[in-house]
Every structure is written in structure tokens, then in C-alpha cells.
Amino acid sequence: MPQISDDQTEVIKPEMPVLKNDRFLRALFRQPVDKTPVWLMRQAGRYLPEYREVRSQAGNFMSLCKNPALACEVTLQPLRRFELDAAILFSDILTIPDAMGQGLYFVEGEGPKFRKVIRTGKDVEKIPDVDISRDLSYVTDAVSLIRRELEGRAPLIGFAGSPWTLATYMIEGGSSKDFREAKQFLYTHPTDMHHLLDKLAGVVIDYLNAQIVAGVQAVQIFDTWGGLLTSAAYEEFSLKYMEKIIKNLIRHSDGRAIPIIIFTKGGGQWLELQAETGATALGLDWSTEIGRSRRRVGGQVALQGNLDPSVLYSTEAVIRTEVGAVLSSFGVGEGHVFNLGHGITPGVPPENVGIFVDAVHELSAKYHEESTK
């Protein structure tokens, strides 16, 4: 079994397969690479017919998430099709609220729903403790299986939702157009909101550390709804808790440092604050220009992003042009992981993803020639 050193900063594992492609990890630490690495948020998903087939076998989305063998299969599917530089664990950010007894279920065409919602301080008090080894073992089991099946061909990314994003779903009972209930709770019951966010942060810390122990080689915190907040509220109710998580994560495993990526959708105005959290890299959505972002914070962190996902509905010529524009904007040098500005959407033709991935590798080489000489 893996051992954790006394200072909780390093995981010591039995010998693992040699990592054959560490381009993604090197780029996150702004080290020299031969090409800009690329992966996609939601790269295992409904745009792939083989994914739809496995999901049909599983019966529903959560049954797929909770079956380690099937979660492993769909995690690996995109790497069989495309020359991606990282795999990302197939799971969902809402596994934590589900483990807290909120009764997660999915409605076709409507997304996630919860049978219980948080509306009062008493509701927060009633949230049960989460034991990762008991309540979320299906996730760590999937991580261990995926690491073995990857056989070192690419690093594995683990992830969790930010406390603020998880809280919005728990309060709203699902997604929302205006997040009125979550914002009302924040402004009307700020002490109770902090109590909820602190509980969630503690579970996220344990959850991500368990993923690291099980074998993930990088982690990402998805702050999907941080951009809904005012600047003051973002600092107090979102960024503060992501920083707490970062400061309490295991930072070394398998003889390597564990990079941490934070991604706040709609959060481009706060990059300087995000760069001070201790994160290794910042994810950018498509509304934030990457060249200007590099000038703002590129000396502190790597940047990940940020092609508009809708470009993948276009032609090969347009995809290559838009990929080239993002690469040109970032410019020569290290510290760029190419990604979409948000998750890939279900109707994207798989062949266009192949065009995209190949274009990133082909067109980016010239930006790294000096650093690899």
C-alpha cells in the first residue's frame, strides 16, 4: 500500500510504470517541452460513440461513474483515438454532495438534480461526515485501475469541484439560470455559508489527497460558478477556500511534484489573485485573451486554455487558424497547456477533435525550438 511521509507532503508508492510522455507535467511547471501539450475538458464524453455505448450498458450516468471498470474504459477511450498528452479521471464534481446524502440524480436534458437542498443553517449542521474510503472508494478504485491500464502512456488528472461551485448546486437543488437561492443564502446567511464552504473544503482536501494516493499525477479544481460573484464575494466565498485546499494537498508522489490547476469560469479579471494561491497553473475560459493573461501572471504560473469549444463545429481550416491564433497569442516559450475554454460539447464530430489535437502539436513546435536546443 502507498505510504505518506510524516510531513504529509509526499506519497511513496510501489514502483509504477515509467511515464512515457511527461510533456503535460513539464509544461505545468514551465519547463522546456518540444510541443505544447493538449488535453480537453470532458474529453471522455457524449461526442464519442464508444462512450455512448458504454453509458448505455451502465444504465445511467451515475452507474457509470460508480463502476470502476467502466469509468476506466471511458477514461481511456479518447486516448485511443487522439494523441492527447493527459488522461482525466472520468467522474463528476457532484460526487461529494452525493456522498453527503443530498440525493443526486440526473434528468435527461436537464442535468443534475438533488432530492435534498440546503436552505438554512440547520440544513448545514445536518450534513453527515464523509469518509472517502467508505463513501467514495469507487473513485479511488477507478484511479488505481486507470493508472495501471494507462501503462505510462500519459499522466492522469484527478479533480474536484470548488466549495463555492458545490455549494451552489446543493442550495439550488441543481443548475440554475440566475443562482438566486445560492446568492440569497450567501448574502442573508454569510456565517452559515462559510460553515458550508468550510465543510466542503475539508472534504475536497481529503478527496483530492485520496486521489493522489491512488495515483493521479495532477489535480484540477473546477470553480464553474465563481464568475457569478462580485470581486469581493469571489475573494471571500470562492478563492479563499480554493487557497485553503491548495495549502493542504499532498505535493509530491512517485518522485514528482503534483501540479495543481484552478479554473474559474468567467474569472479572468482575477488572475493576479488566483496566481497568489499557490496553484501551479490557471485555466482560462475563451473570453480571456491568453497573451494578455501571460503578461499579467505568466511569471508566476502556467496557463491552460483556451479555444472556444464552438470552434470544433467548424471546418479543418478554421480549427487550424483558431489554434494558431491561440498559440501565437501565448507566444514563444514555456508554460502553456492547450485546452478548450470549457468542456467539449456533445455534438462535436470526433474527427474535428483529431484535427484540433494534431494542429496543436504541429503548429506549436516552432514556439519551443529555442528551449529544446
Side-chain angles (χ1 to χ4, degrees), residues 23-41 85-86 157 162 218-224 226-232 234-235 238-240 242-243 246 257 259-311 318-342 356 359-373:
R23 192 182 286 138
F24 165 71
L25 299 178
R26 292 180 63 82
L28 287 174
F29 288 110
R30 294 177 288 148
Q31 297 171 353
V33 292
D34 59 334
K35 304 170 186 175
T36 301
V38 56
W39 69 280
L40 296 84
M41 289 182 279
D85 294 295
I157 306 166
S162 72
V219 296
Q220 177 157 315
I221 301 171
F222 285 91
D223 186 33
T224 310
L228 297 169
L229 297 168
T230 67
S231 290
Y234 177 72
E235 287 190 62
S238 182
L239 194 66
K240 169 184 172 181
M242 288 194 287
E243 183 172 12
I246 291 166
I260 302 167
I261 308 161
I262 60 173
F263 172 64
T264 296
K265 184 183 176 187
Q269 66 270 41
W270 302 310
L271 295 182
E272 290 84 358
L273 295 173
Q274 294 167 19
E276 295 173 0
T277 61
T280 316
L282 309 181
L284 307 177
D285 67 24
W286 66 88
S287 68
T288 304
E289 208 278 330
I290 197 167
R292 285 193 287 271
S293 299
R294 186 183 187 189
R295 291 190 287 274
R296 288 166 61 189
V297 297
Q300 296 173 263
V301 291
L303 296 174
Q304 179 175 277
N306 62 332
L307 189 74
D308 182 348
S310 297
V311 169
V318 171
I319 292 169
R320 289 178 62 86
T321 297
E322 294 298 324
V323 166
V326 173
L327 290 168
S328 176
S329 178
F330 185 87
V332 174
E334 311 312 324
H336 182 201
V337 171
F338 211 113
N339 208 310
L340 303 178
H342 200 239
F356 161 72
V360 172
H361 285 155
E362 177 189 340
L363 300 177
S364 66
K366 65 182 182 182
Y367 296 99
H368 303 282
E369 289 172 352
E370 290 301 317
S371 62
T372 54
K373 282 182 179 179

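Every value quoted in this text rests on a predicted model; they were computed, and no experiment measured them.
- With contacts defined as side-chain heavy-atom distances shorter than 4.5 Å, the pair I246/I262 qualifies.
- D85 is linked by a salt bridge (charged side-chain N to carboxylate O under 4.0 Å, His left out) to R23, counting only residues two or more places apart in sequence or in another chain.
- Across I157 and F24, no two heavy atoms sit closer than the pair CD1-CZ, 3.6 Å.
- By the side-chain hydrogen bond (donor to acceptor under 3.5 Å, both in side chains) test, S162 pairs with T165, D223, sequence neighbours left out.
- No side-chain heavy atom of T280 sits less than 4.5 Å from a side-chain heavy atom of V301.
- Inter-residue side-chain proximity for T264 and Q274 is flagged as met; some heavy-atom pair is nearer than 4.5 Å.
- Legend: residues meeting side-chain hydrogen bond (donor to acceptor under 3.5 Å, both in side chains) with E362, ordered by chain and number and at least two apart, are R320.
- Closest of all the heavy-atom pairs between V337 and A27 is CG2-CB, 3.9 Å.
- Residues V297 and L282 meet the side-chain proximity criterion, which asks for heavy atoms closer than 4.5 Å.
- Remark: W270 pairs with S231 by the side-chain hydrogen bond (donor to acceptor under 3.5 Å, both in side chains) rule, at least two apart or across chains.
- Note that NZ of K35 is 13.0 Å distant from CG of L327, once rounded to the nearest 0.5 Å.
- Heavy-atom minimum distance, S293 versus T288: OG-CG2, 3.1 Å.
- By the side chain to side chain contact (heavy atoms under 4.5 Å, CB included) test, A302 is found to be paired with R30, A281, residues two or more places apart in sequence or in another chain being considered.
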*What's the verdict on side chain to side chain contact (heavy atoms under 4.5 Å, CB included) for N306 and N339, showing C-alpha distance, side-chain angles and the deciding distance?*
CA-CA 5 Å; N306 62 332; N339 208 310; over 6 Å; no
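- Residues passing the side chain to side chain contact (heavy atoms under 4.5 Å, CB included) test with Q31 are R26, F29, sequence neighbours excluded.
- The two residues K366 and L363 come nearest to each other via the heavy atoms CG-O, 3.8 Å.
- The structure places CD of Q220 at 4.5 Å from CD1 of I261, a figure rounded to the nearest 0.5 Å.
- Among residue pairs with one or both ends in residues 281-299, those qualifying as salt bridge (charged side-chain N to carboxylate O under 4.0 Å, His left out) are E272-R296; sequence neighbours excluded.
- For the pair T36 and Y367, the minimum side-chain heavy-atom distance is 4.5 Å or more.
- Heavy atoms only, all atoms of each residue included: G291 and S329 are closest at N-OG, 2.9 Å.
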*Stepwise side chain to side chain contact (heavy atoms under 4.5 Å, CB included) check, F263 with L284*: CA-CA 7 Å; F263 172 64; L284 307 177; 5.8 Å; no
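- If you take CZ on F356 and CG on L307, they are separated by 5.5 Å, rounding to the nearest 0.5 Å.
- The shortest heavy-atom contact between L229 and S238 is CD1-CB, 4.1 Å.
- Side-chain contact between L273 and E235: present, with at least one pair of heavy atoms (C-beta onward) separated by less than 4.5 Å.
- Between atom CD of residue Q304 and atom CD1 of residue I290 there is a gap of 9.5 Å, rounded to the nearest 0.5 Å.
- A donor-acceptor pair is defined here as one N or O able to donate and one able to accept, closer than 3.5 Å; such a pair exists between the side chain of S364 and the backbone of V360.
- Applying the salt bridge (charged side-chain N to carboxylate O under 4.0 Å, His left out) rule to E322 yields no partners; only residues at least two apart in sequence or on another chain are considered.
- Every ring-ring contact (aromatic ring centres under 6.0 Å, His included) that F330 has, sequence neighbours left out, goes to H336.
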